[in-house]
Amino acid sequence: MFKIIHAQFLAPGIKRFVIEAPRIARKQKPGQFVILRIYEEGERIPVTIENSDPVKGTINIVVQSAGKTTHLLNMLETGDSILDVVGPLGKPSEIRNFGTVVVVGGGVGTAMAYPTAAALKDAGNRVISIVGARNKELVILEKEMRAVSDALLITTDDGSYADKGFVTDKLRQLIENGTRIDLVVAVGPIVMMKAVSALTRKENIHTVVSLNPIMIDGTGMCGGCRVLIDGKSEFACVDGPEFDAHKVNFEVLVQRNAMYRDSERQSMEEFQAREQSASVEPMSRKIGETWGTPSGHATQGEQR
Ligand code: FAD
Ligand code: FES
Ligand code: MG
């Protein structure tokens, strides 16, 4: 069991957890993730390590409620525990002095991009960060990103905070202003990473994206996270999650991520129905016995 030392909402539906995991905290590098399982019969989900404290033996994760498992996770509170936390997994981000790096974070992707931005800054890069969110409430880690950036540009889709528009508008402006850019790192929704990639391909700017395919075992065995890179199959859990954006087949990623949409919707509906009828308190301590086996894709691995 992995104890939650602290849990706090950063924005509606987005929660940060500080978890006791000394071995992972000692080994973790920027860009890596953990796979966690909340209860015995629950599915495994991958979550990026946002920060770690090797001395205290803790790691931080930031989780956005997307479906059943992330909703359940975000019901956990300080003092609760998570059944399994496996990691660190995946290849770390490539950190060296590239020159000027633009780090783009969309939504919860900002938390995933943060450790890489911090390490790139430490390595001597000039870091320009662009953070985008749907609205003011969903802008996360502004203070943290500012602290590791030479400049921080913020956009909201609805203009409720900072500049109205998309992260790609800011990136385009930087390019049009003649800013020298040696590397772009983009983490966020697939549509955002695809748009960033299309923009930088034209300008021949090396771009790295962190892909988010469905993962199950995280060890390269199940084939669930297969992505198409330069026409070849790779496994995001062991070969990634970061890849050269200009080689990624985003259409295949979108298709594969939608494969279990019906079971995901069904799981979420069952979850909401049970949540309404449940009378247990506190909810988080009863998760296993209250929610039982998810009907999602927990066991729907596929062979390589
Ligand atoms: P569901 O309703 O089951 O699914 C909603 C959508 O999430 C699906 O359509 C699919 O696109 C995706 N998804 C579902 N199951 C999985 C799975 N097992 N693995 C990957 N994607 C899945 N989210 C965060 O909030 N914070 C993070 O730091 C973060 N880091 C990630 C790092 C990696 C390497 C990857 C691959 C994904 C990361 N995600 C992160 C996404 C997160 O794993 C999914 O939102 C979560 O698994 C959804 O589970 P669910 O049951 O709540 O939703
Ligand atoms: Fe990558 Fe199984 S999650 S191969
Ligand atoms: Mg799920």
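Every number for a ligand or one of its atoms is a count from 1 in the order of the listing.
Not close to ligand 1: Arg265, with no non-hydrogen atom less than 4.0 angstrom away. The closest approach between any non-hydrogen atom of Ala111 and ligand 1 is not below 4.0 Å. In this structure, Met268 does not count as a contact residue of ligand 1, since none of its heavy atoms falls inside 4.0 Å of the ligand. In this structure, Ile61 does not count as a contact residue of ligand 1, since none of its heavy atoms falls inside 4.0 Å of the ligand.
Among heteroatoms of the N, O or S kind in Asp217, OD1 lies nearest atom 2 (Fe) of ligand 2. Restricting Glu43 to its N, O or S atoms, the one at the least distance from the Mg ion (ligand 3) is OE2.
Backbone and side-chain nitrogen or oxygen atoms of Pro46 are examined, and one is located within less than 3.5 angstrom of a nitrogen or oxygen of ligand 1. At least one N or O atom of Gly67, backbone or side chain, sits closer than 3.5 Å to an N or O atom of ligand 1. No N or O atom of Asn212 sits closer than 3.5 Å to an N or O atom of ligand 1.
Taking a cut-off of under 4.0 Å to the non-hydrogen atoms of Met215, the atoms of ligand 2 that pass are 3 (S). Of all atoms in ligand 1, numbered sequentially from 1 with element shown, those under 4.0 Å from a heavy atom of Gln64 are 24 (C), 25 (O). Against a heavy-atom cut-off of under 4.0 Å, Thr70 is close to the following atoms of ligand 1: 46 (C), 50 (P), 52 (O).
Under 4.0 angstrom from ligand 1, the non-hydrogen atoms of Met215 come from both its backbone and its side chain. With a 4.0 Å heavy-atom cut-off, ligand 2 is reached by no atom of Arg226. Counting heavy atoms closer than 4.0 Å to ligand 1, residue Val62 contributes backbone atoms (N, CA, C, O) but none from C-beta onward. When heavy-atom distances to ligand 1 are checked against a 4.0 Å cut-off, Glu50 has no atom that comes that close, whether in backbone or side chain.
Remark: among candidates Gly90, Pro241, Gly223, the nearest residue to atom 4 (S) of ligand 2 is Gly223, based on non-hydrogen atoms.
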Side-chain donor-acceptor distances from residues 113-121 under 3.5 Å, at least two apart:
{"unit_1": "Thr116", "atom_1": "OG1", "unit_2": "Ser93", "atom_2": "OG", "d": "2.9"}
{"unit_1": "Lys121", "atom_1": "NZ", "unit_2": "Asp150", "atom_2": "OD1", "d": "3.0"}
{"unit_1": "Lys121", "atom_1": "NZ", "unit_2": "Asp150", "atom_2": "OD2", "d": "3.1"}

